[in-house]
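The next block holds one structure in the form of structure tokens; read it before the comments.
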Amino acid sequence: MAAVAERVFSGVQPTGNLHLGNYLGAIKRFVALQESHDCIYCVVDLHAITVWQDPEELKRHTREVTAAFIACGIDPTRHIVFNQSQVSGHAELAWIFNCVARMGWLNRMTQFKEKAGKDRENVSLGLFAYPSLMAADILLYKATHVPVGEDQKQHLELTRDIAQKFNVDFAASIAANGHGEGYFPLTEPLIAGPATRVMSLRDGSKKMSKSDPSDFSRINLTDDKEAIAGKVRKAKTDPEPLPSEEAGLKARPEADNLVGIYAALSDGTKQGVLDEYGGGQFSAFKAALVDLAVDKLGPIAGEMQRLMADTSAIDAILIDGAARARVIADQTIRDVKDIVGMVRG
Ligand code: AMP
Ligand code: TRP
């Protein structure tokens, strides 16, 4: 097989309250990958509506995620930034993947089980099919690398399973249409670094999340410097000093989380942080973390606010990005229709 050009794709849902977990697990890494790869970053509004979204809020949140991307350093002229619903290929390919993926595979998805809870009969059909749409997002662009937080690992494994089954089921047609041995790449997840799973600042056993009722559980990207400092100061800890070795963080989820956050914000490692602060009082480390968090995150909120003041400029970025995404997506949809055996003009 010819060497496949590397391409990065990732998505963030416009469901409000972008937080430090989204930043360290995803957006900060999106920014870094711009130097080495062609990148496509998508505001996944079709995913958002798998649970109820107020229409006006959905628009506002879509623009807010776009503003956050740009405020954090994503360059929408060198790369592609757009919202999913503007490129119809996502929904089209998702349908085809709904016919490739097996019920049993989706039944195993832990995110669905968590989100549906006990109310399985009453959640949307879209929530069940969510991972199939996610596979379509990625494979529509034949993306080879997908940066995400730890919680998306299982969805990326499913994406590989769908690509693999499509390539096998349609092998003869793929070859007959001149695509050689496999049409879709087997995508690599990029889940790395010290903050792939940022935990709540109030409870080290719970993931930091958009929907936690306590605003003190997370640092929002829209928080100003005072709010950031206050939340770090109040973050739950234990009374012990920091250990000097990483192993000493094992049974201390809150300390582990804060060390991971410090490491990620300073582009270092947990061990590096412990080399500097291990053995010392927790309060000294916390004071340093307050300064670091304010320094790195403080400017983002201001820049987001500035960008949000001109929604037509944000919309223009999304429209332009969608037009460029569509060029790639349309080619995939034409190929897939030929492979599956759909008559087209
Ligand atoms: P979502 O807000 O669910 O669309 O997530 C957007 C991105 O942020 C995905 O790559 C998630 O894996 C990542 N993410 C969400 N929450 C966290 C967290 N607490 N820690 C690390 N990454 C996260
Ligand atoms: N499911 C992802 C999340 O909740 C968002 C997402 C949708 C995504 N499509 C994607 C992430 C494609 C990576 C690639 O975080």
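As the structure lists them, so they are numbered: ligands from 1, and atoms in each ligand from 1. Values below: every heavy atom of this structure, side chains too, minus hydrogens, waters and symmetry copies.
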key: Phe82 vs Val43, side chain to side chain contact (heavy atoms under 4.5 Å, CB included): CA-CA, chis, key distance, verdict   = CA-CA 6 Å; Phe82 72 108; Val43 186; over 6 Å; no
task = List the steps and the verdict of ring pair (Phe, Tyr, Trp, His ring centres under 6.0 Å) for Tyr141 and His90.
result = CA-CA 10 Å; Tyr141 304 96; His90 291 257; 5.6 Å; yes
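For Gln13, a nitrogen or oxygen atom sits less than 3.5 Å from a nitrogen or oxygen atom of ligand 1, counting backbone and side chain alike. In terms of polar-atom proximity, Glu150 is not counted as a contact of ligand 1, lacking any N or O under 3.5 Å from an N or O of the ligand. On a distance-only criterion, Lys210 and ligand 1 share at least one N/O pair closer than 3.5 Å. Among the atoms of Ala195, none of the N or O lies under 3.5 angstrom from an N or O of ligand 1. The shortest N/O to N/O separation between Gln152 and ligand 2 falls below 3.5 Å. Ligand 2 has no nitrogen or oxygen under 3.5 angstrom from a nitrogen or oxygen of Gln111.
Ion pairing of Asp215 with Lys231 is present here, as a side-chain N (NZ or NE/NH1/NH2) and a carboxylate O approach within less than 4.0 Å. Salt bridge annotation for Asp38-Arg7: absent, with no cationic side-chain nitrogen under 4.0 angstrom from a carboxylate oxygen. Looking at Asp256 and Lys250, no side-chain N of the basic residue comes within less than 4.0 Å of a carboxylate O on the acidic one, giving no salt bridge. Under a 4.0 Å N-O distance rule, the pair Arg63/Asp315 qualifies as a salt bridge. At a threshold of 4.0 Å, the pair Asp151-Arg197 does not count as salt-bridged, since none of the basic side-chain nitrogens sits closer than that to a carboxylate oxygen. Taking the charged nitrogens against the carboxylate oxygens, Glu157 and Arg160 have no contact shorter than 4.0 Å, which rules out a salt bridge. Between Asp338 and Arg344 a salt bridge is recorded (basic side-chain N to carboxylate O distance below 4.0 Å). With respect to the salt-bridge test (charged N to carboxylate O, under 4.0 angstrom), the residues Arg306 and Glu303 qualify.
When heavy-atom distances to ligand 2 are checked against a 4.0 Å cut-off, Asp151 has no atom that comes that close, whether in backbone or side chain. Under 4.0 angstrom from ligand 1, there are no non-hydrogen atoms of His47. Contact annotation for Val148 and ligand 2: only side-chain heavy atoms (C-beta onward) come within less than 4.0 Å of the ligand.
Among all non-hydrogen protein atoms, the one lying nearest atom 21 (C) of ligand 1 is Thr196 O, 3.2 Å. Counting only heavy atoms of the protein, atom 7 (C) of ligand 1 lies nearest to Ala26 CB, 3.6 Å. Annotation: atom 5 (C) of ligand 2 to nearest protein heavy atom, Gly11 O, 3.6 Å. Among protein heavy atoms, the minimum distance from atom 4 (O) of ligand 2 is reached at Tyr130 OH, 2.9 Å. Atom 9 (N) of ligand 2 has Asp137 OD2, 2.6 Å as its closest protein atom, hydrogens excluded (heavy atom only). Looking only at heavy atoms of the protein, atom 12 (O) of ligand 1 is closest to Asp151 OD1, 2.4 Å. Looking at atom 22 (N) of ligand 1, its nearest protein heavy atom turns out to be Gly21 O, 3.2 Å. When hydrogens are left out, the protein atom nearest atom 9 (C) of ligand 1 is Gly149 N, 4.1 Å; that is the closest non-hydrogen contact. The protein heavy-atom contact nearest to atom 16 (N) of ligand 1 is His19 CE1, 3.6 Å. Protein heavy atom at the shortest distance from atom 14 (N) of ligand 1 is Asn22 ND2, 3.8 Å.
Which parts of ligand 2 touch Val44 is read off a 4.0 Å heavy-atom cut-off, strictly below it: atoms 7 (C), 9 (N). Every atom of ligand 2 is numbered from 1 in the order shown, and the set under 4.0 Å from a heavy atom of Val146 is 13 (C), 14 (C). For ligand 1 and Gln152, the ligand atoms under 4.0 Å from any heavy atom of the residue are 12 (O). Near Ile138, with a cut-off below 4.0 Å to any heavy atom, the atoms of ligand 2 are 12 (C), 14 (C).
Looking at Val44, Asn257, Val198, it is Val198 that brings a heavy atom closest to atom 20 (N) of ligand 1.
Relative orientation of the Phe30 and Tyr41 rings is parallel, given thresholds of 30° and 60° on the angle between their planes.
Between the NZ atom in Lys28 and the CG atom in Leu20 there is a gap of 10.5 Å [rounded to 0.5 Å].
For the pair Lys165 and Phe184, the NZ or CZ position fails the cation-pi test of under 6.0 Å to the six-membered ring centre and within 45 degrees of the ring normal.
Looking at every heavy atom in both residues, Phe9 comes nearest to Cys42 through CZ-CB, 3.5 Å.
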